[in-house]
Protein chains: 2
Amino acid sequence: MKTIGVVLSGCGVYDGAEIHEAVITLLAIDRAGAKALCMAPDVEQLHVVNHLTGEVAEGEKRNVLVESARIARGEIKDIDDVAPDDMDAIILTGGFGAAKNLCTFGVSGPDCEINETVARLIRGMAAARKPIGAMCIAPATVAKAFEGTDKTPKLTIGNDAGTASGIETMGAHHEACPVHDFSVDEENRIVSTPAYMLAGSISEAAEGIEKLVKKVVEMA
Amino acid sequence: MKTIGVVLSGCGVYDGAEIHEAVITLLAIDRAGAKALCMAPDVEQLHVVNHLTGEVAEGEKRNVLVESARIARGEIKDIDDVAPDDMDAIILTGGFGAAKNLCTFGVSGPDCEINETVARLIRGMAAARKPIGAMCIAPATVAKAFEGTDKTPKLTIGNDAGTASGIETMGAHHEACPVHDFSVDEENRIVSTPAYMLAGSISEAAEGIEKLVKKVVEMA
């Protein structure tokens with residue numbers, strides 16, 4: 001049975017992992033006959049957002065690994081304890097957490113920082129020729145991880161010109177892609193889909209994510 | 001387009017709504033061509049559980065509506081502002097939140113209390129002959145809402161003898177049901193499925209939930 005790493009970044013679209021994307025990914029992995037290995041960094045969230053009002057909850061602190069455990073029903077590893085040998089592929093789900101907690105692209109753009117373990121793991125998977133999946137804004141994290149290497153990852157974040165330009169500044173190539181489809185970088189073995197960067201409904205997000213997971217599991 | 005109310009109870013299996021069940025429900029509603037109306041009570045959670053360790057986070061407080069908004073991506077109503085006229089059916093997702101925040105069956109058993117708005121809404125839907133869906137432990141909430149009425153709801157919580165006996169003490173009839181199936185009470189228009197009361201995997205939970213949603217939308 002293939003093991004697919006799933007990188008989470010909290011629990012909630014505005015300050016963590018996008019919950020719909022994460023659950024649809026876990027279901028699609030299980031239905032493909034593979035096993036999910038959930039992981040997240042044991043670090044404090046950039047901030048906590050009240051998802052009812054959209055406002056930052058001043059003074060509140062939450063931990064990315066602890067909140068991600070909600071999506072994983074407790075079955076999750078500290079990403080520091082995971083190596084490329086532990087899995088056959090890796091998928092990064094979206095939500096602002098990918099661009100606030102895994103890297104800071106959502107705050108600082110292409111000059112952002114990236115969590116060192118996340119970057120090392122992505123580059124390690126690439127070095128091992130194991131497929132990398134990324135959805136929504138998470139391709140920005142993948143682009144940052146590849147920045148400064150001799151590789152030019154081809155990725156999609158949908159069709160937002162500003163975000164696409166930010167990804168290209170980090171050395172990646174952006175490919176526009178509709179929400180129901182995915183983009184494949186055969187050379188670097190990267191699969192990406194826009195998900196909630198473009199989706200107007202949960203079904204729209206699910207269509208692209210289910211196709212992405214199927215493709216990643218096949219390639220693994 | 002039919003509107004299906006979805007009652008959430010926080011965000012996380014151990015102190016709120018079971019996230020997989022909630023997302024699978026929302027996706028199935030959308031795929032059935034219906035519209036979800038998410039709602040939750042604006043009350044404090046019974047407690048906060050660290051989902052990584054399983055331990056209660058002493059001193060921490062979270063609000064059920066605010067946390068439920070994470071699953072609903074901010075599109076959620078205070079359940080006090082929802083009436084049976086606003087929807088064609090209602091579905092209660094599971095997770096300990098249903099038995100800690102909507103009612104306290106998970107703590108006090110059949111002698112539990114129930115949130116008055118939740119109880120009134122369930123009885124109002126029944127009076128309007130609109131279908132009621134419930135999964136996982138949420139049938140206990142439905143049983144409590146019907147307690148003391150002249151109706152005997154038929155429900156399933158899977159096959160756990162202790163929980164089934166608790167539901168029967170509240171005046172409901174428990175029907176054993178496998179995880180991939182659902183139980184229908186034609187007289188009271190209630191559909192229930194065991195979901196994570198029995199599921200060993202997310203796919204197992206999804207199979208019964210998808211069937212439940214299809215049935216509820218058809219009946220609505």
Side-chain angles (χ1 to χ4, degrees), chain A residues 10-33 35-36 38 40 42 48-55 57 60-78 95 196 199-207 209-210, chain B residues 10-33 35-36 38 40 42 48-55 57 60-78 95 196 199-207 209-210:
Chain A
C11 181
V13 56
Y14 298 123
D15 60 14
E18 210 299 307
I19 292 173
H20 300 188
E21 293 177 0
V23 172
I24 290 163
T25 298
L26 294 176
L27 179 56
I29 289 171
D30 198 34
R31 283 187 162 160
K35 181 181 151 62
C38 291
D42 183 11
V48 178
V49 174
N50 177 318
H51 280 57
L52 187 63
T53 62
E55 285 166 15
E60 200 173 336
K61 292 180 192 303
R62 295 189 186 184
N63 176 286
V64 175
L65 177 59
V66 170
E67 298 309 315
S68 299
R70 292 178 174 272
I71 294 174
R73 296 169 50 88
E75 294 292 314
I76 191 165
K77 280 197 167 184
D78 181 342
Y196 272 113
S201 69
I202 185 170
S203 295
E204 280 192 4
E207 192 177 347
I209 295 168
E210 287 168 353
Chain B
C11 180
V13 56
Y14 298 124
D15 59 14
E18 209 299 308
I19 293 174
H20 300 188
E21 293 177 359
V23 172
I24 291 163
T25 299
L26 294 176
L27 179 56
I29 289 171
D30 197 33
R31 283 187 163 161
K35 181 180 153 58
C38 291
D42 182 11
V48 178
V49 174
N50 177 318
H51 280 57
L52 186 63
T53 62
E55 284 165 17
E60 200 173 337
K61 292 180 192 304
R62 296 189 185 183
N63 175 287
V64 176
L65 177 59
V66 170
E67 298 309 314
S68 298
R70 293 179 173 271
I71 294 174
R73 295 170 51 87
E75 295 291 316
I76 191 165
K77 282 196 166 183
D78 180 341
Y196 273 112
S201 69
I202 185 170
S203 296
E204 280 192 3
E207 192 178 346
I209 295 167
E210 287 167 352

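Below, all heavy atoms of this structure are taken into account, side chains as well, without hydrogens, waters or symmetry copies. Only a predicted model underlies this, so the values are computations on that prediction, with no experimental measurement involved. In what follows, every chain begins at residue 1, and chains take the letters A, B, ... in the order their sequences are listed.
- Between Ile19(A) and Cys11(B) there is a side-chain heavy-atom pair separated by less than 4.5 Å.
- Using a 4.5 Å cut-off between heavy atoms, Glu75(A) makes no contact with chain B at all.
- In this structure, Val23(A) and Ile202(B) have side chains that are in contact, with non-hydrogen atoms separated by less than 4.5 Å.
- For Asp15(A), the part lying under 4.5 angstrom from a heavy atom of chain B is the side chain only.
- Residues Gly12(B) and Arg70(A) come closest through the heavy atom pair CA-NH1, 3.9 Å.
- In this structure, chain B has no heavy atom under 4.5 Å from any part of Glu21(A).
- The distance from the CZ atom of Arg73(B) to the NE2 atom of His20(A) is 6.5 Å, given to the nearest 0.5 Å.
- To the nearest 0.5 Å, atoms NE2 (His51(A)) and CG (Leu65(B)) are separated by 13.0 Å.
- Scanning all heavy atoms of the two residues, the minimum distance from Glu207(A) to Arg31(B) falls at N-NH2, 4.2 Å.
- Taking the side chain to side chain contact (heavy atoms under 4.5 Å, CB included) definition, one finds that Ser201(B) meets it with Asp30(A), Ser203(B), Glu204(B), sequence neighbours left out.
- Distance check: Leu52(A) CG to Ile76(B) CD1 gives 7.5 Å after rounding to the nearest 0.5 Å.
- In this structure, Arg62(B) CZ and Glu60(A) CD are separated by 6.5 Å, a value rounded to the nearest 0.5 Å.
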Q.
The test is side-chain contact (heavy atoms from CB on, under 4.5 Å); show your working for Thr53(B) and Val66(A) and say whether it passes.
A. CA-CA 8 Å; Thr53(B) 62; Val66(A) 170; over 6 Å; no
